[in-house]
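What's counted below: heavy atoms across the whole structure, side chains too, no hydrogens, waters or symmetry copies. The structure displayed is predicted, hence computed values, not measured ones. Counting begins at 1 with the first residue of the sequence.
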Amino acid sequence: MSDGKPRYQPYHSPAGGWGAAAATAKVLMRESVLVKGSKALLSMNQPGGFKCPSCAFPDPDCRQTLEFCENGAKALAHEATKFRVTREFFAQHSVTDLAGKSDYWLEKQGRLTEPMRYDAANDRYVPVSWDEAFATIGRHLRGLDSPHRAEFYTSGRTPNEAAFLYSIFVRAFGTNNFPDCSNMCHEPTSRGLPPAIGVGKGTVVMADFEHTEALFIIGQNTGTNAPRMMTNLVEAHRRGVPIVAVNPMPERALIRFTEPQDVVQMATLGSTPIASEFVHIRIGGDIALIKGMMKVLFEREDAGERVIDWNFIHAHTAGIDAVRDDAMATDWADLVRVSGLEEAQIRRCAEIYIRSNATMICYGMGLTQHQEGSRLIQQVCNLLLLRGNFGKPGAGIAPIRGHSNVQGDRTVGIDERPSPAYLDQVQAVFGFDPPREIGHHTVEAVEAMLAGDAKVFIGLGGNFVRAVPDTDRAYAAMRGLDLTVAISTKLNRGHVIHGKEALILPVVSRSERIETPAGEQFVTIEDAMSNVTASRGVLDPVSADCLPEVEIVCRMARATLPDSAIAWEAYAHDYAAIRDKIAEVYPAIYSDFSARIAAPEGFHLDVPPRRLVWPTPNGKANFLLFKGLDVNAPVDDPAMLRLATVRSHDQFNTTIYSNSDRYRGVYNDRMVVFMNPEDRQARGFADKGRIALETISADGIARRVGGLTVIDYPMSRGAIAGYYPELNPLLPLDYYDEVSGTPAAKSIPVRAVPDPA
């Protein structure tokens, strides 16, 4: 039980299988939606149904009857829950009381049912009409002496139609301040890939899994963060495809997995081994592995072998000479030291790569969340380019993104650095001159709040204050604002850490029907492989006082811009009209949007590198140089450990489904640190002893989290891990990738000390 005594017991069963089936049934029963939720699951990720509100992994080309995973079922159960947060609930609980509750407790209270405003006199939220709520937003925004004093956040669950209108509303208001959830995860993909290949997206599609000859999975915990991908990995393993898993933590699903939809395997308690090669890398050692593999290729070429695709390189690339010289000049001793690997294993990985004529490299935040995350992604491109692994079946780069429409939001305009061509198109289509100044990403938004420059924060979904770094400073920043607006389905930390005035606006969820005066509407979602599909909810909204995101955006715009000539009222009712405007602003990729989305499988947005077309300034794919091996600033402290903050298996981003993490053997506790036993013993800590972590930084700010139980875990030496958001207080606001602004949450320098408390 979630309120039971903490327990730590290694998990030896395969991932998936009966454990996943039992967890799915348990969460449906816990939310009292066993019948309702089970029926809705039959419509999730199916043609004519709704898209999973959890991860962004695509649907298969050949659909199964049940196309969902354990974590998708949890997300749906928590949306469809029978529990409600009503005005009576808020009358019983002051905000001070709620602020003392855990994230899990807040989540399990249920769905928000009507708009609320904060009443400072009695420290409670009280009901407010929708008209009054929008009038409050309009009053605050119009009262600013500069539009740049407002921050407009977007969650990745926001569908294309709402995100597009939000981008138009905010630019018509006069700013490009779009801190976005992608700033905290895959922004190095969006910023690092374009100089290399011309687009900030992956280049593979689902069919490539059927043709690949080698799979590298780097810094990505597939079984928890993209569980439906496990089916592809199982099928690849059965075809004899080598699967190389690179991670400082061995993850259960990449070791052994039971496919829940495999009747024979379930009946016989069977399982499938997944990784043929586990690369137990040090945190930050990925660049050494990649350079080492490239060095092997160049060495073998010098020895007379033909292992590099020179025809591809001469026809399609530029810059290989500098990359070659750098790799060849890097000593093997340094590659071994930084990677934490034996030279023999690096050479073995290179051999797997050489033998494959079509290789996919999939990666997650284990690569992106470093101080050089963007340039690290470029080195992945370098490796793929050496053997021409673009533009052919089974090959390419595959960022495995998290939230279900985080990529789509970026595509339709949620971008603090919009291109001049896009802004010109917005002006031509909508008739106003959008702002040209670069706006704020997430870290800059918090910095603006701390400096007193930002006065209003509007969050279109998400749990911003709990997701960002430097928790204590972020809380202070949020509390200094004049107005905070949370557009949400469930109660979260962002509702109790708020501005002087605060609004909670309840929204219709992904799984619920949207009815307007123009009839039933649907929204669209872009997955991590650039497929755009329709999403139609099947459940009744939890309350008549919940509004769709599109209507909320339109009414905020009308209240803020009363003289706007944009047809906000029409868009609030007719989503096809919004899609027509998307097609006008993005004619190259969204032409005939309304006609193409009518296909049950949707359509694929053009990704030019799949056609060997490179939208870079020189028209080539570019080898990009990374000097040295440090992806994070060196720290001169012999006691330093690199902390990676990670999700538990019962968690999606900041949403906590329970306080347990079954695959890592942790039950009823989230205040833990996973540590190599040798590192623990060297520091004199007892197994299951209590410790604290302290950040090593030069800014004079003390950051400490105590009350942590240290657990022996097969981490690489010098690496530790613990859960976010609990350990976000240790992540300095200024510790991020300068190219993308993404916080370096996978490499926080800390000391571990005894915690007598």
Side-chain angles (χ1 to χ4, degrees), residues 188 192-193 195-197 214 216 218-219 244 246 277 279 281-357 359-361 363 366-368 370-390 395-397 614 616 618 620-632 634 739:
L193 285 183
I197 60 173
F216 285 74
I218 308 179
V244 179
V246 182
E277 181 86 26
V279 182
I281 200 148
R282 283 193 177 136
I283 286 180
D286 307 276
I287 184 63
L289 170 64
I290 293 167
K291 277 196 179 183
M293 290 174 65
M294 290 194 293
K295 183 180 178 74
V296 171
L297 267 68
F298 290 126
E299 286 177 345
R300 304 235 325 229
E301 280 283 329
D302 284 357
E305 292 185 65
R306 183 82 172 191
V307 298
I308 293 175
D309 189 341
W310 290 106
N311 291 335
F312 175 89
I313 287 169
H314 292 322
H316 294 286
T317 75
I320 189 174
D321 290 342
V323 169
R324 179 195 180 281
D325 292 346
D326 176 73
M328 292 297 284
T330 305
D331 290 337
W332 273 109
D334 291 332
L335 294 170
V336 168
R337 174 182 55 82
V338 173
S339 69
L341 307 172
E342 294 181 357
E343 180 180 336
Q345 185 171 39
I346 297 175
R347 290 187 178 277
R348 195 159 62 242
C349 290
E351 181 64 26
I352 292 170
Y353 182 59
I354 289 168
R355 290 184 180 183
S356 167
N357 294 310
T359 299
M360 290 171 56
I361 298 182
Y363 66 88
L367 286 193
T368 62
H370 294 277
Q371 287 182 296
E372 294 285 4
S374 296
R375 295 187 179 95
L376 180 52
I377 301 308
Q378 292 169 354
Q379 305 315 297
V380 176
C381 283
N382 286 350
L383 182 60
L384 287 167
L385 290 170
L386 285 176
R387 287 187 53 77
N389 278 302
F390 289 97
I397 193 165
W614 317 99
T616 57
N618 63 357
K620 298 282 189 178
N622 292 298
F623 284 91
L624 298 172
L625 181 63
F626 184 103
K627 293 185 177 181
L629 296 173
D630 291 324
V631 295
N632 300 289
V739 173

_Treating Arg387 as the side-chain partner and Val307 as the backbone partner, does any N or O pair qualify as donor plus acceptor under 3.5 Å?_
yes

Fill in: Lys620 side-chain N/O to Ala315 backbone N/O, donor-acceptor pair under 3.5 Å
yes

What heavy-atom pair brings [X] and [Y] nearest, and what distance separates the two atoms?
| X | Y | value |
| --- | --- | --- |
| Ala288 | Leu335 | O-CD2, 3.4 Å |
| Asp326 | Gly628 | OD1-N, 4.4 Å |
| Pro188 | Gly373 | CB-C, 3.8 Å |
| Trp614 | Ile197 | CE3-O, 3.7 Å |
| Thr317 | Ile313 | OG1-O, 2.7 Å |

State, yes or no, whether a side-chain contact exists between [X] and [Y] at a heavy-atom distance under 4.5 Å.
| X | Y | value |
| --- | --- | --- |
| Ile354 | Leu297 | yes |
| Ile352 | Met293 | no |
| Asp325 | Leu625 | no |
| Phe298 | Ile308 | yes |
| Gln379 | Asn382 | yes |
| Val336 | Glu342 | no |
| Tyr363 | Ile397 | yes |
| Asp286 | Val631 | no |

In Å, rounded to the nearest 0.5 Å, how long is the span from [atom1] of [X] to [atom2] of [Y]?
| X | Y | atom1 | atom2 | value |
| --- | --- | --- | --- | --- |
| Leu341 | Ile346 | CG | CD1 | 5.0 Å |
| Phe626 | Gln378 | CZ | CD | 9.5 Å |
| Gln345 | Glu277 | CD | CD | 4.5 Å |
| Asn632 | Ile287 | CG | CD1 | 11.5 Å |
| Met328 | Glu299 | CE | CD | 5.5 Å |
| Phe312 | Phe390 | CZ | CZ | 7.0 Å |

*Any Lys/Arg nitrogen of Glu351 or Arg355 sitting under 4.0 Å from an Asp/Glu carboxylate oxygen of the other?*
yes

Q) Using 4.0 Å as the upper bound for N to carboxylate O, is an ion pair formed by Asp334 and Arg337? A) yes

Check: Is there a side chain to side chain contact (heavy atoms under 4.5 Å, CB included) between Ile283 and His370 once you walk through the steps?
Finding: CA-CA 9 Å; Ile283 286 180; His370 294 277; 4.0 Å; yes

Of Val323, Thr330, Val296, the one forming a side chain to side chain contact (heavy atoms under 4.5 Å, CB included) with Lys291 is Thr330

Task: Phe216 and Leu384: CA distance, side-chain angles, deciding distance, side chain to side chain contact (heavy atoms under 4.5 Å, CB included) verdict - done: CA-CA 11 Å; Phe216 285 74; Leu384 287 167; over 6 Å; no

ask   = Where do Arg324 and Asp302 land on the side chain to side chain contact (heavy atoms under 4.5 Å, CB included) test, with the steps shown first?
value = CA-CA 11 Å; Arg324 179 195 180 281; Asp302 284 357; 2.7 Å; yes

* Please report the C-alpha distance between Leu385 and Ile320 in whole Å, then the side-chain angles of each, then the deciding distance to 0.1 Å, and finally whether the side chain to side chain contact (heavy atoms under 4.5 Å, CB included) criterion is met. => CA-CA 9 Å; Leu385 290 170; Ile320 189 174; over 6 Å; no

